[in-house]
Amino acid sequence: MRIGYPCINWTIGCKGDRTFRLNSYSEERLIETVQNNLDCLFKMLQFNVANEILFFRITSDLVPFASHPVCSLNWQEYFKTKFAEIGQFIRAHRIRISMHPSQFIIINAKDAKVFENSLKELQYHTEVLDLLGLDSSAKIQVHVGGVYGDKTAAMERFVQRYPLLPAAVRQHLVIENDDKSYDLADCLNISGATGIPVLFDVFHHQIKNNGEATREALILAGKTWHAADGRPMVDYSSQQAHAINGKHAETIDPDDFSKFMTLSRPLDFDIMLEIKDKETSALKAVELLHSDERFIRA
DNA sequence: TCACGTCAAGCAGAT
DNA sequence: ATCTGCTTGACGTGA
């Protein structure tokens, strides 16, 4: 079991998701930004290893405009060595990596252009993982996509499209249950038809479900992960008090997290904490994990 | 230095 | 119709 947090570290004083406006694109600007982002990514990973945080989500903004036509730089070649260096560190410390492309990735899009753009974006994410030398246990998590007023048809469209994706993309791709449209049962259904693993989001499941208990849900989603996919990944958050339903917590709720850890024993998975204060909560979670010998730490 | 309008991309749900 | 949230506010112009 590993603990992780997404994209940003507020402690170490650098940001690995710097970007710029499309209007101000230039090759120099892109090189400068990517250089900064990669340097900072490396620093965040080093911080994490020093603090036993061995799961990390790499920002989609690592290479701004990578999938946009404006991008003329062969950034893959330009930064090959830097990627390789970071990748070696990741593998040496057995850090688990995920990525979570933005809401614009719609695999089941009705509009062919939207699908095409989504594919380009997925290929960019795949290239990042490949340049880091990571195998199919590194995952790119997406939501199923749009509903367009007919969820059955939309799910069928996803199932039709999935085999058309390049194998290099597919080996990293997983779907995540969301809190509005596609719940766990929908994702399991799609997984049954395609073989795609289901990343279980605990918090989304609390908001939208079909009565499955959390533990049962973890088991069901876990079964969709095969040996080459690595340990199942799980997204965890809790409700921010006094906020509208579905808002992620500002900081970890130790009681809620402890309950979750206890009810999930002895299942093994890697937990991504989708919590605003990032590494602060991850540090607390690691501490909690170590405080109780019943929990799996390896 | 700071305020603040705007930022590649899509969709759903609330107002 | 317009605004907000989504994994995350931050870029960049104008004063």
Side-chain angles (χ1 to χ4, degrees), chain A residues 4-10 14-26 29-30 32-33 36-37 40-41 44 55-71 97-125 139-151 153-155 157-158 174-183 186 199 201-204 207-208 233-240 243-251 271-282:
Chain A
Y5 64 94
C7 308
I8 295 169
N9 179 304
W10 298 111
C14 77
K15 296 218 64 193
D17 64 339
R18 258 179 48 197
T19 183
F20 50 85
R21 297 286 174 256
L22 179 56
N23 270 337
S24 44
Y25 178 91
S26 72
R29 188 68 191 271
L30 182 65
E32 179 195 15
T33 305
N36 166 83
N37 289 351
C40 185
L41 171 63
M44 290 191 282
F55 186 15
F56 190 67
R57 183 182 295 165
I58 296 177
T59 177
S60 298
D61 281 334
L62 192 69
V63 184
F65 304 105
S67 72
H68 191 281
V70 77
C71 182
I97 295 294
S98 70
M99 298 185 82
H100 192 345
S102 75
Q103 59 274 28
F104 307 107
I105 280 51
I106 312 286
I107 290 170
N108 69 358
K110 279 190 158 178
D111 182 336
K113 187 71 190 167
V114 172
F115 174 66
E116 193 185 316
N117 290 342
S118 301
L119 179 54
K120 281 185 191 146
E121 184 72 356
L122 287 174
Q123 283 175 315
Y124 150 61
H125 284 76
K139 292 304 184 190
I140 300 169
Q141 60 186 97
V142 296
H143 294 293
V144 175
V147 174
Y148 307 99
D150 183 347
K151 193 154 85 173
M155 285 168 68
R157 210 160 43 244
F158 186 100
V174 300
I175 48 172
E176 173 193 351
N177 58 302
D178 68 78
D179 58 350
K180 296 230 164 66
S181 307
Y182 297 95
D183 56 30
D186 298 324
L199 189 156
D201 187 307
V202 181
F203 187 41
H204 289 160
I207 297 165
K208 187 170 181 355
M233 292 179 179
V234 169
D235 280 358
Y236 168 87
S237 184
S238 58
Q239 169 68 32
Q240 171 65 30
I244 59 163
N245 218 18
K247 185 161 174 63
H248 288 199
E250 295 286 335
T251 192
I271 309 177
M272 177 60 57
L273 301 176
E274 293 192 323
I275 298 178
K276 300 270 184 193
D277 68 2
K278 309 289 181 185
E279 76 284 359
T280 304
S281 285

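Chain identifiers are assigned alphabetically (A, B, ...) following the order of the sequence lines, protein sequences preceding nucleic acid strands; residue numbering begins at 1 within each chain.
- Where A:D179 and A:L22 each meet DNA chain C at their nearest nucleotide, the meeting point lying more 5' is that of A:D179.
- Side-chain nitrogen and oxygen atoms of A:H143 include none within less than 4.0 Å of the OP1 or OP2 phosphate oxygen of B:dC11.
- In this structure, the side chain of A:S237 engages the main chain of A:E274 through a donor-acceptor pair within 3.5 Å.
- When the P atom is used for both C:dT8 and B:dT1, the distance is 30 Å, rounded to whole Å.
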Using side-chain contact (heavy atoms from CB on, under 4.5 Å), reason through A:S98 and A:I140 one step at a time and then give a plain yes or no. CA-CA 6 Å; A:S98 70; A:I140 300 169; over 6 Å; no
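- Between C:dG12 and A:R29, a contact under 4.0 Å exists linking OP1 or OP2 to a side-chain N or O.
- Contact annotation for A:E121: base contact, defined as any heavy-atom pair under 4.0 Å involving a base atom.
- Base contact: A:S102 has a heavy atom under 4.0 Å from a base atom.
- In this structure, A:D179 does not pair ionically with A:K208, as no charged nitrogen and carboxylate oxygen lie closer than 4.0 Å.
- Listed pair A:K15 / C:dA10 meets the phosphate criterion, a side-chain N or O lying under 4.0 Å from OP1 or OP2.
- No donor-acceptor pair closer than 3.5 Å links the side chain of A:S281 to the backbone N or O of A:K278.
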Applying side-chain contact (heavy atoms from CB on, under 4.5 Å) to A:I175 and A:I107, what does each step give before you reach the verdict? CA-CA 11 Å; A:I175 48 172; A:I107 290 170; over 6 Å; no
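- Nucleotides C:dT4 and B:dG5 place their P atoms 13 Å apart, quoted to the nearest Å.
- Look at the P atom in both C:dG12 and B:dA9: the space between them is 16 Å, to the nearest Å.
- The side chain of A:S24 contributes an N or O atom lying less than 4.0 Å from OP1 or OP2 of C:dG12.
- The residue A:D17 sits close to a base: some heavy atom pair falls under 4.0 Å.
- When distances run from any side-chain atom of A:Y148 to the nucleotides C:dT8, B:dC11, B:dG13, the shortest one goes to B:dC11.
- The base of C:dA10 sits within donor-acceptor range of the side chain of A:R21, with an N or O pair under 3.5 Å.
- Among the nucleotides B:dA12, B:dC11, C:dG9, the one closest to any side-chain atom of A:W10 is C:dG9.
- Across all strands shown, A:V70 has no heavy atoms under 4.0 Å from either base or sugar-phosphate atoms.
- The phosphate of B:dC7 (OP1 or OP2) has no side-chain N or O of A:H68 nearer than 4.0 angstrom.
- Between the base of C:dA10 and the side chain of A:T19 there is no donor-acceptor pair shorter than 3.5 Å.
- A:K276 has a side-chain polar atom (N or O) that falls below the 4.0 Å cut-off from OP1 or OP2 of C:dT8.
- Distance from the side chain of A:F65 is smallest for B:dA8 among the nucleotides C:dG9, B:dA8, B:dC11.
- Using P as the reference atom, B:dC11 and C:dG9 are 25 Å apart when rounded to the nearest Å.
- The aromatic ring of A:F104 does not sit over the base of B:dG10; the criterion of centres under 5.5 Å apart with planes under 30° is not met.
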